[in-house]
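These notes concern the structure reproduced below.
Each chain gets a letter, A, B and so on, in the order its sequence line appears, and its residues count up from 1. Given the structure is predicted, the values throughout are model-derived calculations rather than measurements.
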2 protein chains.
Amino acid sequence: MPLPLKIVSWNINSVRFRIEIVEKFLREMAPDVLCLQETKVIDQDFPTAAFRALGYRHIVLHGQKMHHGVAILSKVPLAEDDRLDWQANREARHVGVRLANGMRIENVYVPAGGDVPDRDANPKFGQKLDFLERMTRWSEALSGPTLLVGDLNIAPLEADVWNHKQLLGVVSHTPVEVAAMAQLKASNSWVDLGRHFFPEPARLHTWWSYRSADWTVNDRGRRLDHMWATADIAATATRHHVFEECRSWLKPSDHVPIMTEFQI
Amino acid sequence: MPLPLKIVSWNINSVRFRIEIVEKFLREMAPDVLCLQETKVIDQDFPTAAFRALGYRHIVLHGQKMHHGVAILSKVPLAEDDRLDWQANREARHVGVRLANGMRIENVYVPAGGDVPDRDANPKFGQKLDFLERMTRWSEALSGPTLLVGDLNIAPLEADVWNHKQLLGVVSHTPVEVAAMAQLKASNSWVDLGRHFFPEPARLHTWWSYRSADWTVNDRGRRLDHMWATADIAATATRHHVFEECRSWLKPSDHVPIMTEFQI
DNA sequence: GTATCGAGAG
DNA sequence: CTCTCGATAC
């Protein structure tokens, strides 16, 4: 039986500023593939040497200046990389690759959506919903074994947030966003791997705001990061883990890495 | 015989950003009085606690937002502090105190003067010369034992710069600045303590630009920081030292501390 | 609270 | 190159 394939997704909130904790994580967990979001760096400044030194020699970048930016770093060969721009606004929010076994990995950073959950009052909220709609059209047309990972910036279920009632009006947990995410999910044979392994009412969080002094005290987390697999791939998933401890590391990201293992 | 009185001057280039190396220096050299320039902090945000913890309980501040700012921190009592504003422009460039033994310490940060050594083309150069002229009027009227310290932003002698000829047209070593400094020096019984202990042609530098990768390679230093004593005080000076090694510390200032010991 | 950038100064 | 700040975003 071959070793499991370990795939990680992590919104790193500046890969340059946090390169030390990325290295620490890779040394300890040694995933085969690492998908990053919010790298906040143009491709020519991406710290590829640090990753190569740890064995991640297959690197596909889609960065831009200042904001957003995604990347896939792999110990195993990558092919057929692409960078989609669903909203044709040149924001670097997607990078996709194909592994040698035929499985595709689609790494996405969905817009945060601003503060006010109102399409009209807040254009960023409108952009977020539009992004999800365009992603849904794309998802409908997808075929083949696919793993969709990333910061989707929506916590759909009650147990995905620290307080469902209190967050119903807060961007990331509003009914209109949850509905948009449900449409995306229904547009293919997607299996939510987090909830596949840890069904409700299990608490499952991947993000804790920087704005509370000690994130552990009130534990006001949300599950904004996800891994969805098409049914064929989901059938090979053997394990899923959320690395909450990374939120306590020195100079942490506000998101923690999540990992799924596949026996392929 | 009493212990010598050790007085240090250091352009720290942000006392908050460099608090660790200041603490390291104070722990190692334990001067009685520390005069800082370019503290870059308003008085209410000055990290006084760090200094008090090291025994510097007598603190006189003259800070402002963003730029400039001077301070005197002392283990021995300070009295009669004042903050002069020679150019009446509210720039925090002077703080003075009197020690119990009657000696005054005047801590000054002279304007850098911009890039172009031309009064007309570059107002900052004019401001620098004006500052020196006003300081000269003040110095003429001074009486009593006085130590004048600080970043005077002029390297007057050939051996005060790494290349005299090459710097004749560079602000800090131009003839007009050197002449203005000479007038200031002649306006009282000032003794240049650095050159008193290390006469020309000894190399004596206190500043190395951040803009060369390794300051030690070409050693392109300048002596911008000075200690001048009135004749009575100069007669009690026993030792003078430039701490070049501090330029190699982690997160260094571009200036290094200088120290004089007095047997009073 | 924690990032990035660009301006301004040195 | 190395700081501070203010704007912007999350």
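A cation-pi arrangement is present between A/Arg220 and A/Trp162 under the rule of less than 6.0 angstrom and at most 45 degrees off the ring axis. Taking the ring centre of B/Phe17 as origin, the terminal cationic atom of B/Lys251 falls inside the region bounded by 6.0 Å and 45° from the ring axis.
Listed by chain and number, the residues in a side-chain hydrogen bond (donor to acceptor under 3.5 Å, both in side chains) with B/Arg195 are B/Asp160 (sequence neighbours excluded).
Along DNA chain D, read 5' to 3', the first and last nucleotides having any atom under 4.0 Å from a heavy atom of chain B are D/dC1 to D/dG6.
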Each nucleotide in nucleotides 3-10 of chain C should get exactly one letter: B, S or -. Can you fill that in based on protein heavy atoms under 4.0 Å?
SSSS--SB

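Taking 4.5 Å as the limit, every side-chain heavy atom of B/Asp115 sits out of range of all side-chain heavy atoms of B/Val171.
Ring geometry for A/Trp249 against A/Trp10 counts as perpendicular: the plane angle is over 60°, on a 0 to 90° scale with 30° as the lower cut.
Inspection of the B/Arg18 and B/Ser253 side chains reveals no N or O donor paired with an N or O acceptor under 3.5 Å.
The environment of CG in A/Asp45 is crowded: more than 12 heavy-atom neighbours from other residues, nucleotides or ligands sit within 6.0 Å.
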